[in-house]
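In what follows, a single structure is set out as structure tokens and then discussed.
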Amino acid sequence: MIRLGLRLTLGGGRDAAIRLAITTVAVGIGVGLLLLTLGGMSAIHAQNARGAWLATGYYTGPPGAQTVGPQTHADPLWWEFNTDHYEKSPIYRVDLAATGPTSPIPPGIPHLPGPDQYYASPALVRLIEHTPSSQLGDRFPGTLIGTIGPSALPSPNSLIIVIGHTQADITAAGAPPQVTAINTDPGAPGPMGFHNDRLQVILAVGALALLFPVLIFIGTATRLAAARREQRFAAIRLVGATPRQVSVISAVEATVAAVAGVLLGFALFFLTRPLVTHVDLTGLPFAPGDLKLSSLDVLLVALGGPIAAAVAARVALRRVTISPLGVTRRVTPPPPRAYRLVLLVAGIGELGYFVVLGPPKGTSAQIQAYFSGCSLMLAGLVLAGPWLTMFSARIMSRRAQRPAVLLAGRRLSDNPRAAFRSISGLIIALFVTSVSVGVISTILDNNSPSLGNSANATLIEQIDFGGPPPPGPAVTVPVSLTGRLGAITGVVGVTTTYREPQSDFMLLASCRELAHTPALGRCAPGASVVALDSNQVDIVSQFGKKLPSVQTKVWPAAAYPVSQLSGLPVGALIVQTNGSPSALESARTALEVAMPALGPPNTLREINDNSRRTILELQLMTNLVIVISLVIAGCSLAVSVTGGINERKRPFSLLRLTGVSLSTLRRVVGLEAALPLLVVSVLAAGMGFLAAGLFLTSQLNESLRAPDAQFYGLVLAGLATSLAVIGSTLPIVDRITGPETARNE
């Protein structure tokens, strides 16, 4: 039977070749997407592993000497990590000082740099060489003694510098952490691991959301390839073949197509890998060897693809295995009942219960509760899909005024399960992405201050920006710094804010200076000194709350004369520039050189973007899932349309002989495909936003915010593409419904 199956597959003529090609392409697309996802997760892990050393000494507690890491016999190493910027690119800076000859050495360098020496990554070395020193090079004291090797660079474009100091210099403004070992854990909290670890989870969720429509596409393509084989297999059954023998032939044909599809998927992966390598999914492009597959990945995909296709073929031919006359004795299946809505109503009821009585106590209980509610809604959507398709089709039939609408409505009413089956994967992807987009849009809206155009042009050097006063002497600002900043071409103004003695969260500023830094708002009329609420200026600390516009804020007057401000502790320096890169980077360099003990200054936009980076990447991933899911649904529908036309070519030919126009038949086919797609898309998106709204109301006490125009544009573009793919199949109606097809076979 295996030889017969191979002969029927490879030597069955043009129809067999077309069936083989369709199934091969379907499996190839699914395998290619899965391999790219697995390779992307591997690449992120590789970046994390090479950047793990940057998480050494990562410490967010109060300042002071801390010993971080395993207690070894190595001499402690003073370790201070900061993130600098140059034109929106992060620069990871490590300042260190050895306490003895056995202090640990970071990877990528042969030995620790001494005082006034530093190692830099090749990309940073090139950037320093081609940038005026007043904009970048002056920030890094000392002499370059070598470059950091690839083993310590998350990306070839990484900007990293390791600077050596004396113990006295590095502890001058407070003792940083001491480390006794270099971190090697890729998932440790830090600049790379913590962020990219979440990104791996995001990528995995996106892959799962894409996997379902891809599997549906594979099953639909296999069913199309099996549609014409049903009659052949039924004939084989009638001459004495057993159901097991027919299953063997079917499995052989499906396995051949699946193996070819797996090979095509691997070819697509290796062809697109050089392009994906340059995608800065993590903010930096991957190294050439990062996007690779493990032996386990290859084994699972190579075995899983053929198994999935064989199972789909087995399910597609279940009517033949029941009876040799199963192909000819096709009756209208019973219509789906309204009980299919029970799970959907139960899921909505569970989430609504939490809105009324509040969420359960404890994080684990909340996760379980919301997950079960959303799972019930998702399962209810899949179960209720055929009933909703039938309900919509019957409404369309009752209101039909044209023959095409009536025929399409009657066809969908007779077999809504088949119409819904080809797009059932879409409902999963759209529901998941709609929930994500609804929650993300609300969080971003509540966490998006109106920064204005000056956000990229305003630097903030946070010295003592609110909260209880830190121990130790107050940080002093050099008297000449304001003059040096003012001498930089493109610097518009400098505002110095001071701590209000009676409050830990209020800052005082001179209205004369504030007038030249509009990014921080303006003074009340007649005021000479105003009080600024640091909670409304420090946008990092306000995550999850709707922030007022800082730029349009009118600050109230404070009862302090201007002459007394200079005697108060400095809270922050705000430098307003005209937005040009040269002015911004020169001002940043001047601040770092004048006050090296403080962390690098950041623009308002950099602070805001850092706090929202993961959420924005999750939004990007959900948008990608929406587009690909809709396109895959369109391709799946196109395959279903082609299969449906092949199955009904004789009835269509008879209709043409009775006078029905070709355009009417095309409209019938188009409506049969478009109605389930549009109904399911609207339903899945609506239920997703409902679930998001119930979650936000019960968990965060927030109202659902409407997504931005980009979401609607992506959905409409995806639907338009899917409908265009469906339209591309309509010319086949003319080719296979000629008079010669109407004869009895």
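These values consider heavy atoms only, across backbone and side chains, with no hydrogens, waters or symmetry-generated copies.
- In terms of modelled atom types and a separation under 3.5 Å, the side chain of R417 and the main chain of P386 share no donor-acceptor contact.
- T389 is not listed as a side-chain neighbour of V679, based on a closest heavy-atom distance of 4.5 Å or more.
- The shortest non-hydrogen separation linking G380 to L343 is CA-CB, 3.7 Å.
- With rounding to the nearest 0.5 angstrom, the CE atom of M377 is 5.0 Å from the CG atom of L690.
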Stepwise side chain to side chain contact (heavy atoms under 4.5 Å, CB included) test for T664 and R402: CA-CA 9 Å; T664 299; R402 294 179 178 274; over 6 Å; no
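- Considering every non-hydrogen atom in both L694 and V355, the closest pair reads O-CG2, 3.5 Å.
- Here the CZ atom belonging to F431 is positioned 6.0 Å from the CG atom belonging to L381, to the nearest 0.5 angstrom.
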Test log, rule side chain to side chain contact (heavy atoms under 4.5 Å, CB included), inputs L35 and F266: CA-CA 7 Å; L35 290 176; F266 276 95; 3.7 Å; yes
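- The OG atom of S661 sits 9.0 Å away from the CZ atom of R656 when rounded to the nearest 0.5 Å.
- Using a distance-only test at 3.5 Å, with no hydrogens or angles considered, no donor-acceptor pair links the side chain of S681 to the main chain of L678.
- Note that CH2 of W387 and OG of S392 are 8.5 Å apart. Values are rounded to the nearest 0.5 Å.
- Here the CZ-CG distance, from R666 to L662, works out to 4.5 Å after rounding to the nearest 0.5 Å.
- Considering all non-hydrogen atoms of both residues, S413 and A393 come closest at OG-CB, 3.5 Å.
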S375 and S372: CA distance, side-chain angles, deciding distance, side-chain hydrogen bond (donor to acceptor under 3.5 Å, both in side chains) verdict: CA-CA 5 Å; S375 298; S372 62; over 6 Å; no
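- Taking both residues in full, the closest heavy atoms of M390 and P335 are given as SD-CB, 3.6 Å, listed atom of the first, atom of the second, then distance.
- Across all their heavy atoms, V435 and A692 have their closest contact at O-CB, 3.7 Å.
- For the atom pair CG of L275 and CG of L36, the computed distance is 10.0 Å after rounding to the nearest 0.5 Å.
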Working for side chain to side chain contact (heavy atoms under 4.5 Å, CB included), residues V668 and R411: CA-CA 9 Å; V668 170; R411 167 76 176 177; 5.9 Å; no
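- For the pair P707/F689, a side-chain contact is recorded, criterion being any heavy-atom separation below 4.5 Å from C-beta on.
- Judged by distance alone, the side chain of R705 and the main-chain N or O of S703 form a donor-acceptor pair under 3.5 Å.
- The shortest non-hydrogen separation linking E672 to L412 is O-CD2, 3.7 Å.
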